[in-house]
Amino acid sequence: MSAEHGGTTAPAGIPAPRTAPLEPPPARVGSGSADGDITDELKEAYWSVYDGAAAKATVGEILLRLPRIVRRIGELAWRADRRSTLALVVLQLGSAAMAAFGLMASVAVLHQLFGDGPTPNRVRAAVPQILLVVAFLSVRALLEAGVSVAQARVTPKIRTALERDFLQLTAHVRLEVVDDADWHDDAYRANDRGLYYARQIVSQVVALASAALGILGTVGVLAVLHPLLIALLPLSVLPVGVAAVRSTRARFHSFRRWNALQRRVRLFSWLLLDRDSAAELRSDTAQRALLDEHHRLTERIAEEDTRLGVHSAVLALTGRTVGGVGTGITYVALGLMLVAGWMPLAAGAGAVLAVQTAQTALTRFTDTAHLVYEHAMWVDDLLAFQERCRGLQPRRRELTAPRTVGTIELRNVTYSYPGKDSPALDGVSMTLRAGETVAFVGVNGSGKSTCSKVIAGLYDPEAGAVRWDGVVVAEMDAESVQARVSMVLQDPLHYPFSALANVTISRGTLTEAEPDKALEAVVASGADRVIAGLPGTWTTLLSKRFRGGEELSAGQWAKIAVARGLYKNAPVLLLDEPTASMDPKAEHAVYQAVLHDTRRPDRITVLISHRLASVVDCDRIYVFDNGRITESGSHQDLMELGGSYAEMFTLQAEGYQVRTGKEAS
């Protein structure tokens, strides 16, 4: 912007200030798409990336991929429970065989009854064949019950094994991986969708195999009756199959639209029900506006449901009509074959029964194949994510971190967050000694918290080195380093467990405690009064999700978090703005306890704070700016230096001074 417009030239790459005044907004804007497809408005959610995939694939692609899917699910089942998987396969094959034998026996019954016309003698002669049909059907029923039992044994084990592996892997990936938003979406997609469909897909594969075997069995029966019947089968079966494919694809496409609408509805439902939005919602009297939009969307969902139902009915009618024509052609051909004497009347009746059975099996196969194809993509996604996580685990080493540490040295440490142009830490060097209390200060984003996470072993520096008593941390087992550091954060995790478990979890247990150590920790943090005021004291559940549970204020949770850090009793204690939500009296008590009362000669304490009055008594203060240490020394040293620390401290101190006289007026 030129000087004549009242400004200065903006640096390159930085947009200049606006010179033109902002125009008034339009008098009316829509809350959503009025004419277009509502799915165009929404960014695709992480959990919907494979929805409708089967509707986009060709029949050939689905058929080519099905064998690999069945093999993949079979491998999962085999690893989960070999005996039940083997029983499942054998019983399924037996059930299909019984179905084919039952169809053949039914043809034999028809032959006995109608071979030369039904007579009492022929009816009596057909009784053994009828009993044989009943026997086949009974055995098939028993085998299918066995299939259900075997499936009930295998399916939960597959889900349990996959879920256990998933949580084990994701809970231990390196912290910088979790900070990646894309990885986070992948993790939730694998959890929400992959694990869900992994439970369902076993029964779907079983149903697919049953339908496929049913088709093969029917074809075998027709081949026995007359080979020409196999050529006639597509005339009646394929139109039904085509209609089933089109109906299934229409259902998947419709589900995609319905899903987008539901996402919009959930947004308004959440705003109407959310506890955090309740006060402002009522203050703005915004309920009517949200309810009107919710009503508009639910009407569109109802329209979509109606459209799908009508479309499916039309497709089904078309398929049955075309299939009926094909069936009629088949029956005409059968009649001509009977007239020509190519097969007996009873065989023709059996062929009709077989054709009807094939139509049912093919429709079931088509529906199930689409489900298996799409759901297998979610399961593959889950397995691929787990494999990816195996390569993102923290380093495993035989060398573990020492139980006590005398010095921690950082030498030219550099660390950059993924996707960031400038490093969060740029050549940071310092030495921390046991018995000292050190403070990190600086503006937001200066590198203080990042440095504390590097010290804690949560981030590995991309350049430089961290040494514990002269040993490079990169040579130690990562989790052993983390186990030697107590870290208290500004926004601590609110575990929905008992008050005691919220303290003892820092040592990896929810059920066991050292009573004297636990009491000592809560007294030092000021959490003793919080816990004493709870209905069940130590055993009170700290969550309103449970009957009789209690909810704490932010300041009370902060005291619990400090107690948790102290109870861990680690040689390194990192406090990252732990008292930001406390009142001044409670904050003073915590710092008094940490900096003086519980000070230990074998512990390194690092305090990160924006309130510089709390770091005055620290042995050394490091001032961070843009990822570098710009000043270091005691409070007195830095005040005498007159640099940025002295400027920040003076500004904060002036804010607390009482202004009098003319200045106050």
Side-chain angles (χ1 to χ4, degrees), residues 168-180 183 389-418 423-434 436-440 447-493 505-508 561 564-578 600 602-608 622 624 627 629:
Q168 174 72 20
L169 290 167
T170 53
H172 288 87
V173 295
R174 300 188 301 273
L175 181 60
E176 69 268 18
V177 176
V178 183
D179 290 337
D180 181 5
W183 181 92
C389 287
R390 289 188 176 91
L392 300 174
Q393 298 296 294
R395 64 181 178 277
R396 306 293 183 184
R397 300 286 189 273
E398 292 186 5
L399 179 64
T400 59
R403 293 190 174 276
T404 59
V405 58
T407 60
I408 295 179
E409 297 176 272
L410 279 70
R411 289 293 173 261
N412 298 316
V413 167
T414 298
Y415 179 82
S416 300
Y417 288 101
L425 295 178
D426 188 5
V428 169
S429 296
M430 66 174 66
T431 300
L432 310 176
R433 296 179 176 85
E436 285 187 340
T437 300
V438 177
F440 294 169
K448 308 182 301 296
S449 295
T450 303
C451 187
S452 70
K453 289 183 173 68
V454 169
I455 294 171
L458 298 175
Y459 292 150
D460 291 329
E462 59 193 47
V466 180
R467 291 181 172 86
W468 283 32
D469 291 338
V471 180
V472 177
V473 168
E475 298 176 358
M476 301 178 187
D477 182 79
E479 290 190 359
S480 74
V481 175
Q482 296 160 13
R484 303 291 184 261
V485 180
S486 292
M487 198 166 191
V488 183
L489 303 178
Q490 179 178 349
D491 296 313
L493 187 58
I505 196 170
S506 61
R507 292 196 190 179
R564 185 159 61 231
L566 294 174
Y567 181 76
K568 190 174 182 180
N569 197 30
V572 181
L573 176 62
L574 299 175
L575 303 168
D576 190 350
E577 295 280 358
R600 291 172 17 191
D602 61 341
R603 184 167 67 196
I604 297 172
T605 302
V606 177
L607 174 63
I608 300 174
Y622 290 95
F624 284 77
I629 296 176

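Note that these values count all heavy atoms, side chains included, but never hydrogens, waters or copies made by symmetry. Each residue takes its place number in the sequence, starting with 1.
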Quick one: do the Glu462 and Ser416 side chains pair a donor with an acceptor below 3.5 Å?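 The answer is yes; a qualifying pair exists.
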Could you tell me if the side chain of [Y] sits less than 4.5 Å from the side chain of [X], heavy atoms only?
| X | Y | answer |
| --- | --- | --- |
| Glu409 | Trp468 | no |
| Val472 | Val466 | no |
| Leu607 | Phe440 | no |
| Val606 | Glu436 | no |
| Met430 | Leu432 | yes |
| Leu574 | Val485 | yes |
| Leu575 | Val488 | yes |
| Val405 | Val572 | yes |

Any idea which heavy atoms bring [X] and [Y] closest together, and the distance?
| X | Y | value |
| --- | --- | --- |
| Ser486 | Lys568 | OG-CB, 3.1 Å |
| Gln393 | Arg390 | CG-O, 3.7 Å |
| Leu425 | Phe624 | CD2-CE2, 4.2 Å |
| Thr170 | Val173 | O-CG2, 3.3 Å |
| Arg396 | Asp477 | CA-OD1, 3.4 Å |

Report the distance from atom [atom1] of [X] to atom [atom2] of [Y], rounding to the nearest 0.5 Å.
| X | Y | atom1 | atom2 | result |
| --- | --- | --- | --- | --- |
| Thr404 | Arg600 | OG1 | CZ | 10.0 Å |
| Met487 | Leu458 | CE | CG | 6.0 Å |
| Leu175 | Asp180 | CG | CG | 11.5 Å |
| Met476 | Glu398 | CE | CD | 14.5 Å |
| Glu479 | Arg397 | CD | CZ | 13.0 Å |
| Arg564 | Leu489 | CZ | CG | 9.0 Å |

Does the pair Arg395/Glu475 count as a salt bridge with the N-to-O cut at 4.0 Å?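 The answer is no: the pair does not qualify as a salt bridge.
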When you check the gap from the basic side-chain N to the acidic O, do Arg174 and Asp460 get nearer than 4.0 Å?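 Not counted as a salt bridge, because no side-chain N and carboxylate O are separated by less than 4.0 Å.
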Mind checking side chain to side chain donor-acceptor pair (under 3.5 Å) for Asp469 and listing every partner two or more places apart, or none if nothing turns up?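 Here no residue qualifies.
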Counting distance only, does the side-chain N/O of [X] pair as donor-acceptor with the main-chain N or O of [Y] below 3.5 Å?
| X | Y | result |
| --- | --- | --- |
| Ser480 | Ala401 | yes |
| Ser506 | Gly565 | no |
| Arg484 | Pro402 | yes |

Could you walk me through whether Val473 and Val471 pass the side chain to side chain contact (heavy atoms under 4.5 Å, CB included) check? CA-CA 6 Å; Val473 168; Val471 180; over 6 Å; no
Show, in sequence, the C-alpha distance, side-chain angles and deciding distance for Ile604 and Val438, and conclude whether the side chain to side chain contact (heavy atoms under 4.5 Å, CB included) test is met. CA-CA 8 Å; Ile604 297 172; Val438 177; 5.5 Å; no
Might you work through the side-chain hydrogen bond (donor to acceptor under 3.5 Å, both in side chains) test for Arg603 and Thr437, ending with a clear yes or no? CA-CA 9 Å; Arg603 184 167 67 196; Thr437 300; over 6 Å; no
Side-chain donor-acceptor contacts of residues 447-457 below 3.5 Å, not counting sequence neighbours, with atom names and distances?
| unit_1 | atom_1 | unit_2 | atom_2 | d |
| --- | --- | --- | --- | --- |
| Lys448 | NZ | Gly442 | O | 3.2 |
| Lys448 | NZ | Val443 | O | 3.1 |
| Ser449 | OG | Asp576 | OD1 | 3.4 |
| Ser449 | OG | Asp576 | OD2 | 2.7 |
| Thr450 | OG1 | Tyr417 | OH | 2.7 |
| Ser452 | OG | Ser449 | O | 2.6 |

